[in-house]
Asks: 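Supplied in structure tokens, the structure appears directly below.
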Amino acid sequence: MNAPARNPALPAVAEVPAIRVAGLNHWFGEGEARKQALFDVDLTVRPGSLTVLMGPSGSGKTTVLTLMGCLREVQDGSVELLGHELNGAREADLVLYRRRLGFIFQAHNLHGSLTARQNVMMGLQVHGHRDEATQRKAAAHILGALGLGDRLDYLPGNLSGGQKQRVAVARALVGNPAVVFADEPTAALDKESGMTVVRMLKELGRQRGTTTMMVTHDNRILELADRIVTMEDGRTVKDTAP
Ligand SMILES: Nc1ncnc2c1ncn2[C@@H]1O[C@H](COP(=O)(O)OP(=O)(O)OP(=O)(O)O)[C@@H](O)[C@H]1O
């Protein structure tokens with residue numbers, strides 16, 4: 001028996017956006033020093049996509065990223081992350097939402113007294129994965145994929161800046177996050193390592209539906225982006241799919 005014809009006016013699947021931002025405003029400072037950093041930002045991000053946020057210094061990119069990533073309190077407007085409204089959310093809920101996220105920032109914040117592999121295992125422990133043998137294997141696997149298979153037992157102090165950054169990338173991705181927030185993730189990397197990291201994020205989007213929001217000034221990455229959103233003076237001024 002044939003399936004009934006679908007009404008083309010209706011969407012095939014009601015897709016929940018990974019992120020939906022609407023009417024988002026944000027201010028820093030108090031009293032006279034109070035300054036508006038974001039003005040009425042709207043942005044809807046599809047699951048599994050890789051979106052790049054661009055724009056001049058001070059245009060509000062990091063502010064948007066930290067609001068979406070539950071790292072800053074939403075003051076005005078709506079930010080829905082994986083279907084959850086963040087404006088007015090309880091801290092206990094924000095903690096749970098953060099567990100489904102991966103963060104890659106310029107300052108990689110590795111623990112100096114832990115090896116590369118142990119630092120990556122930390123990325124699993126916050127997710128409550130307890131079995132140590134599984135953690136060790138998963139950490140070795142992802143470090144290997146990032147070209148650090150022969151550096152598993154090195155302390156961060158004995159790694160180059162680019163190698164440390166790749167350990168931080170491995171730590172962010174090892175827990176299989178639903179959304180990855182990356183602020184200038186390739187700044188400390190040579191061209192090949194930078195492309196490896198972004199290709200890996202793109203592949204995770206395809207295979208597992210991982211969504212990536214990335215702030216970058218790195219033009220090499222743009223060809224890999226599904227979407228490029230440009231900000232200026234706290235507003236989105238351009239939105240393109242290359
Ligand atoms: N903690 C803070 N306190 C006060 N003002 C801030 C704070 N963080 C950001 N701002 C201001 O908010 C505006 C947006 O900053 P934001 O860091 O989001 O910009 P950006 O586009 O990420 O810049 P960059 O590319 O230099 O990182 C700027 O005017 C900045 O000075």
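Starting from 1, each residue takes its place in the sequence as its number. Counting starts at 1 for both ligands and their atoms, in listed order.
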Asks: Report yes or no: does Arg117 contribute a side-chain atom to a donor-acceptor pair with the main-chain N or O of Arg136 at less than 3.5 Å?
Replies: yes
Asks: Would you confirm whether Gln165, through its side chain, and Pro185, through its main-chain N or O, come within 3.5 Å as a donor-acceptor pair?
Replies: yes
Asks: Between Gly60 and ligand 1, does any nitrogen or oxygen pair lie at a separation below 3.5 Å?
Replies: yes
Asks: Answer yes or no: is there an ion pair linking Lys202 with Asp226, defined by an N-O contact shorter than 4.0 Å?
Replies: yes
Asks: Give me the nearest non-hydrogen protein atom to atom 3 (N) of ligand 1 as residue plus atom name, then the distance to 0.1 Å.
Replies: Phe28 CD2, 3.6 Å
Asks: Do me a favour and list the nearest non-hydrogen protein atom to atom 28 (C) of ligand 1 with residue, atom name and distance?
Replies: Gly58 O, 3.6 Å
Asks: Below 3.5 angstrom, do we get any N/O pair linking Ser57 and ligand 1?
Replies: yes
Asks: Short list, please: which atoms of ligand 1 are under 4.0 Å from a heavy atom of Lys35?
Replies: 29 (O)
Asks: Does Glu184 pair with Lys61 as a salt bridge, N-O distance under 4.0 Å?
Replies: no
Asks: What is the nearest protein non-hydrogen atom to atom 25 (O) of ligand 1, stated with its residue, atom name and distance?
Replies: Lys61 NZ, 2.8 Å
Asks: Any heavy atom of Gly55 closer to ligand 1 than 4.0 angstrom?
Replies: no
Asks: Considering only non-hydrogen protein atoms, determine which one is nearest to atom 27 (O) of ligand 1 and report residue, atom name and distance to 0.1 Å.
Replies: Thr62 OG1, 3.7 Å
Asks: Does at least one non-hydrogen atom of Gly234 fall below 4.0 angstrom from an atom of ligand 1?
Replies: no
Asks: Looking at non-hydrogen atoms alone, which of Thr63, Val64, Asp233, Asp183 comes nearest to atom 16 (P) of ligand 1?
Replies: Thr63
Asks: Quick check on Arg46: does its CZ atom have over 12 non-hydrogen neighbours (other residues, nucleotides or ligands) under 6.0 Å away?
Replies: no
Asks: If you count heavy atoms of other groups shown closer than 6.0 angstrom to NE2 of His141, is the number above 12?
Replies: no
Asks: For ligand 1, which atoms have a heavy atom of Ser59 less than 4.0 angstrom away?
Replies: 19 (O), 20 (P), 21 (O)
Asks: Salt-bridged, Arg220 to Asp218, with N to O below 4.0 Å?
Replies: yes
Asks: Give the atom numbers and elements of ligand 1 that come within less than 4.0 Å of a heavy atom of Pro56.
Replies: 21 (O)
Asks: Evaluate the 4.0 Å heavy atom contact test for atom 30 (C) of ligand 1: does a protein atom fall under the cut-off?
Replies: no
Asks: With a cut-off of 4.0 Å, which atoms of ligand 1 are near a heavy atom of Ala37?
Replies: 12 (O), 13 (C)
Asks: Please tell me if the side chains of Leu159 and Val167 come closer than 4.5 Å, counting only heavy atoms from C-beta onward.
Replies: yes
Asks: Quick one: do Thr62 and Asp183 satisfy side chain to side chain donor-acceptor pair (under 3.5 Å)? Show the steps, please.
Replies: CA-CA 7 Å; Thr62 302; Asp183 202 347; 3.0 Å; yes
Asks: In sequence, state the C-alpha distance, the side-chain angles, and the governing distance for Arg235 and Asp40, and then conclude on salt bridge (Lys or Arg N to Asp or Glu O under 4.0 Å).
Replies: CA-CA 7 Å; Arg235 296 176 173 85; Asp40 200 22; over 6 Å; no
Asks: Tell me which part of His217 gets within contact of ligand 1: side chain, backbone, both or neither, using heavy atoms under 4.0 Å.
Replies: side chain
